[in-house]
Amino acid sequence: MRRRDLLAGTAAALAAPRLARAQGGAAARTLRFVPQGNLANADPIWTTTTLARNHGLMVYDTLFGLDAQHRPRPQMAASHEVSADGLVHTVVLRSGLKFHDGEPVRAADCVASVARWSRRDVLGQRLQALLDGMRAKDDTAFEIALKRPWPGLAWALGKPSANICAIMPERVAETDPFRQITDYTGSGPFRFRADQWVPGSLAAYERFGDYVPRDEPADFLAGGKQVHFDRVEWRVMPDPATAAAAMQANEADWWEQPLADLLPLLRRNRDIAIEVVNTAGALGMLRFNHLHPPFDNPAVRRAVFPAMDQRAFMQAALGEDPALWTVPAGAFTPGTPLANDAGLEVLTGPRSADAAKRALAAAGYRGEPVVLLSPSDLQTQSALCEVAADTLRRIGMRVDLQVMDWGTLVQRRAKREAPAQGGWNAFCTTWEGLDVSVPGSHQPIRGNGLEGWIGWATSERREALREASFDAADPETARRIAEDIQRVVWDEAPFVPLGLLRPPQAFRRALTGIVKGGPPLFWNVRRT
Amino acid sequence: MFAYIVRRVLATIPVMAIVALFVFSLLYIAPGDPAAVIAGDQATPDDVERIRQSLGLDRPFLVRFGEWVFRIVRGDLGVSIFTNLPVSTMIAQRVQPTLSLMVLTLILAVSIAVPMGVVAAWRQGTLVDRAVMGFAVLGFSVPVFVVGYVLAYIFALELDWLPVQGYTSLDQGFFPWLENLILPSIALGGVYIALIARITRATMLEVLQQDYIRTARAKGAGQGSILFLHALKNAAVPIVTVIGIGVALLIGGAVVTESVFAIPGLGRLTVDAILRRDYPVIQGVILLFSFVYVLVNLLIDILYTLIDPRIRY
């Protein structure tokens with residue numbers, strides 16, 4: 001054999017699989033998705049991670065689903081009746097619902113699943129507090145009896161934010177909610193291939209042939225979940241540059257969280273679309289520790305407001321394109337029903353470091369160091385922290401910016417000790433927009449002290465308003481309460497909203513029908 | 001020789017025990033709390049504590065260490081805190097990609113670096129020698145990830161000859177397997193080639209000054225025969241030593257290479273586990289790496305006896 005023939009043959013052999021991949025067939029029926037991170041655990045009740053939630057929405061169906069206007073609609077439920085006194089909710093299941101193992105979905109499965117969810121989720125815990133009893137009436141219907149009416153129950157059961165109320169077989173749902181499940185049988189439109197799961201690399205899902213979608217068009221989490229791919233693969237790519245290259249080389253179809261710096265590169269490729277899919281986005285915020293000086297003083301916390309420029313925070317996190325962020329942002333997610341502009345002047349008025357300095361002096365700030373925690377491995381939060389540090393320094397605070405990895409930071413911020421003993425004073429974070437769109441799941445507005453979210457804010461006013469929000473019988477009342485909460489937030493300053501981040505996603509233009517509004521959803525989307 | 005091998009294998013036991021104690025202690029004192037990572041922001045302090053208890057993280061150091069050692073002795077590396085999968089399963093999933101990457105890099109590096117070093121020594125002071133040494137400096141100086149990005153840009157994005165990322169198992173065919181590993185191996189091999197080429201050149205320069213080389217030339221032996229049969233064989237011991245030491249470089253480099261090329265190997269597994277504080281996985285992988293390193297050193301020692309009959313244990 002001549003040397004040239006040998007080289008040509010080798011090159012052809014190497015190219016063959018690439019040609020085969022490009023030619024479609026089974027590959028064309030597979031959606032290659034690059035998630036924002038690694039699916040490290042697959043139990044959406046045990047953990048609140050966004051990835052486990054996204055995985056849960058594929059594998060598990062829910063009793064209700066929110067539509068694009070965030071109204072709860074029956075999903076697995078065929079009907080939902082509430083007694084005249086508002087105390088008894090009766091849910092009848094749609095016929096033909098099956099689990100991935102072929103067993104029918106029974107009311108008893110739903111009762112067990114709601115019970116497991118209610119022990120972990122923040123709104124589920126609300127249900128626990130109000131619950132008078134829950135029972136299956138027969139295989140197709142169950143009822144939830146409450147001690148007090150709760151108009152938001154269907155919303156809570158259908159909300160997409162973690163933890164979702166995932167319906168599992170009774171045998172699985174009986175698992176202690178503080179322990180992981182090992183059986184991933186669901187009744188959602190996709191079946192999880194646990195046997196092919198390589199954490200950190202691949203999570204594979206196959207279309208569940210026996211899934212019965214609703215006979216309605218898809219409407220966010222409501223409506224028919226029509227699946228047009230036989231298989232969806234989550235391919236974990238830890239390096240953003242690699243994921244960008246994979247998109248350009250047609251080795252990936254959809255990238256959930258492209259790095260802002262790489263967007264211009266991706267935009268130059270005519271086969272790739274860059275669009276905001278998660279329109280609810282994530283609310284950035286600067287959280288204070290209420291236990292230690294200087295932020296134990298509400299006047300010091302309030303003094304920060306005049307210097308806070310939400311636009312600067314958003315530009316640092318996502319760049320100059322205003323389509324990728326929303327300012328001004330109040331206490332509730334902009335664009336959602338309870339977002340309002342009550343008292344928003346504290347953030348929209350003229351920005352002035354001098355005014356903040358004066359307010360700080362008047363508040364009695366005496367130059368105490370401010371330990372600001374920043375996660376080095378989360379780019380958005382890190383950018384927010386850099387701007388926060390600069391802003392606080394410009395108004396005369398002694399900022400000690402401490403950078404660490406996220407794993408260390410979550411332990412550090414749980415410490416209640418004084419900053420000099422290993423505690424902290426402030427950190428920047430983001431909350432999923434859907435979580436902070438209603439008072440019930442909005443942890444940062446809570447004022448339940450040491451029992452509450454990190455930062456341990458105490459406020460009877462906010463707790464009372466939150467409690468009242470659960471009883472709001474109509475949208476107007478709910479909105480009025482939200483406005484009151486927001487005014488109290490400006491007064492007590494448990495946190496500073498930094499703007500709504502709406503990072504775009506990248507997908508190949510051949511994909512159409514992507515359901516927008518929140519997390520990546522894999523029904524309705526198809527390849528043209 | 002057999003007795004020596006047995007002695008060396010037995011000697012690995014205290015080494016591994018020290019490594020185990022070191023790794024466990026280090027993780028115990030290192031900051032980070034997997035329970036807080038799992039629980040997320042919505043969780044109450046009670047929730048976090050209950051998760052910590054369910055994972056057994058609330059128990060004293062000695063109890064946890066004792067249980068861990070007891071399991072290790074029985075060959076049980078435990079279960080990942082996050083995935084709930086046995087650590088041995090997670091390692092088994094990742095061994096083939098890392099092993100493939102390392103073996104291919106090793107073959108590539110040795111087959112390029114040794115001839116380069118030999119030729120550089122033979123042509124000492126010439127343009128060839130300077131080019132080889134220039135390449136070696138470059139190989140040492142340019143980080144693996146930069147080489148990786150450049151290679152991916154040229155050969156995957158611009159020329160579309162090779163894939164950008166991923167790994168195809170050997171079960172699915174030799175060429176698909178090779179296709180995915182060519183760029184990562186070249187990227188990872190750069191620093192290794194530089195190291196071996198430099199040591200080969202230096203050792204060969206020394207050997208080429210020896211009397212027996214002069215004698216070989218006087219007998220009329222050909223240049224190839226002198227370089228590769230007479231000189232290289234006698235220069236082999238330091239070269240083999242460096243190849244062995246370089247395995248540690250490969251392990252470290254694999255972490256970066258696997259990230260850049262999205263290869264699901266042990267390097268990525270380690271980094272992911274460290275970021276999440278998945279203690280059983282970190283401990284299992286570090287023990288494995290330590291064992292491999294000890295084993296490689298043993299193999300190198302045995303190789304000495306084959307290369308140089310004067311060496312006996």
Side-chain angles (χ1 to χ4, degrees), chain A residues 11 13-18 21 38 40-43 46-49 120-122 125 162-163 176 178-182 197-202 235-239 241-243 245-246 248-249 251-252 377 404-408 410-414 429 431 435 441 443 450-454, chain B residues 30-34 36-48 50-51 53-54 80 82-85 90 93-94 97 145 148-149 152-153 156-157 160-168 172-173 175-176 178-179 182 258-264 268-269 271-272 274-278:
Chain A
L14 283 170
R18 289 182 64 69
R21 272 207 299 273
N38 167 27
N41 39 74
D43 183 347
W46 182 70
T47 180
T48 58
T49 62
R120 293 301 304 271
D121 181 70
V122 65
Q125 285 159 4
N163 306 89
D176 177 350
F178 290 90
R179 290 188 182 280
Q180 278 197 74
I181 56 171
T182 52
W197 182 28
V198 182
S201 175
L202 175 76
R235 299 181 176 183
V236 181
M237 294 184 198
D239 189 295
T242 307
Q248 291 172 287
E251 292 178 23
D377 45 345
M404 59 200 72
D405 72 306
W406 178 244
T408 304
V410 290
Q411 187 199 33
R412 176 78 180 273
R413 70 180 192 173
T429 189
W431 273 86
D435 274 327
S441 56
Q443 291 285 42
L450 296 181
E451 291 301 308
W453 186 47
I454 289 147
Chain B
D33 181 5
V37 176
I38 291 162
D41 278 335
Q42 296 273 8
T44 64
D46 281 351
D47 287 347
V48 176
R50 288 193 64 174
I51 293 172
Q53 283 171 9
S54 74
S80 159
F82 284 81
T83 65
N84 215 18
L85 295 171
M90 293 180 76
Q93 286 175 334
R94 307 295 193 112
F145 69 91
Y149 288 148
Y153 177 74
L157 285 181
D160 196 25
W161 288 357
L162 293 162
V164 169
Q165 50 79 42
Y167 174 76
T168 305
Q172 293 175 42
F175 282 113
L178 186 65
E179 186 190 43
I182 290 174
E258 286 172 7
S259 294
V260 169
F261 291 97
I263 295 171
R268 273 310 307 172
L269 179 66
V271 173
D272 288 343
I274 290 170
L275 288 175
R276 286 194 306 267
R277 308 295 191 268
D278 197 343

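Letters A, B, ... mirror the listed sequences (proteins, then strands); counts begin at 1. Values below: all heavy atoms of this structure, side chains included; hydrogens, waters and symmetry mates excluded.
- The candidate from B/Pro264, B/Ala152, B/Gly148, B/Pro34 with the greatest count of non-hydrogen atom pairs under 4.5 Å with chain A is B/Pro264.
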Does the pair A/Asp405 and B/Arg277 meet the rule for a side chain to side chain contact (heavy atoms under 4.5 Å, CB included), with working shown? CA-CA 11 Å; A/Asp405 72 306; B/Arg277 308 295 191 268; 2.9 Å; yes
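- Annotation for A/Thr242 and B/Ser259: closest pair OG1-O, 3.9 Å, computed over non-hydrogen atoms.
- When all heavy atoms of B/Tyr149 and A/Ala241 are compared, the pair lying nearest together is CE2-CB, 3.6 Å.
- A/Trp46 and B/Phe82 get closest at one heavy-atom pair: CZ3-O, 3.9 Å.
- Heavy atoms only, all atoms of each residue included: B/Val164 and A/Glu251 are closest at N-OE2, 2.7 Å.
- Pairing each heavy atom of A/Gly200 with each of B/Arg94, the nearest pair is CA-NH2, 3.5 Å.
- With a 4.5 Å cut-off on non-hydrogen atoms, A/Ala42 does not touch chain B at all.
- The choice from B/Ile51, B/Ile274, B/Asn84, B/Val48 that makes the most heavy-atom pairs within less than 4.5 Å of chain A is B/Asn84.
- Neither the backbone nor the side chain of B/Ile263 comes within less than 4.5 Å of any heavy atom in chain A.
- A/Ala414 does not touch chain B: none of its heavy atoms, backbone or side chain, sits under 4.5 Å away.
- Residue B/Leu157 touches chain A through its side chain alone, counting heavy-atom pairs closer than 4.5 Å.
- Of all the heavy atoms in B/Asp33 and A/Val410, the pair that sits closest is O-CG2, 4.2 Å.
- When heavy atoms are compared at a cutoff of 4.5 Å, A/Ile181 approaches chain B solely by way of its backbone atoms N, CA, C and O.
- Atom CG of residue A/Asp43 and atom OG1 of residue B/Thr83 lie 12.5 Å apart, to the nearest 0.5 angstrom.
- Between B/Arg268 and A/Asp239, no side-chain nitrogen of the basic residue sits less than 4.0 Å from a carboxylate oxygen of the acidic one, so the salt-bridge criterion is not met.
- Considering OG1 of A/Thr49 and CZ of B/Arg276, their distance stands at 10.0 Å, rounded to 0.5 Å.
- Using a 4.5 Å heavy-atom cutoff, the side chains of B/Leu85 and A/Pro199 are in contact.
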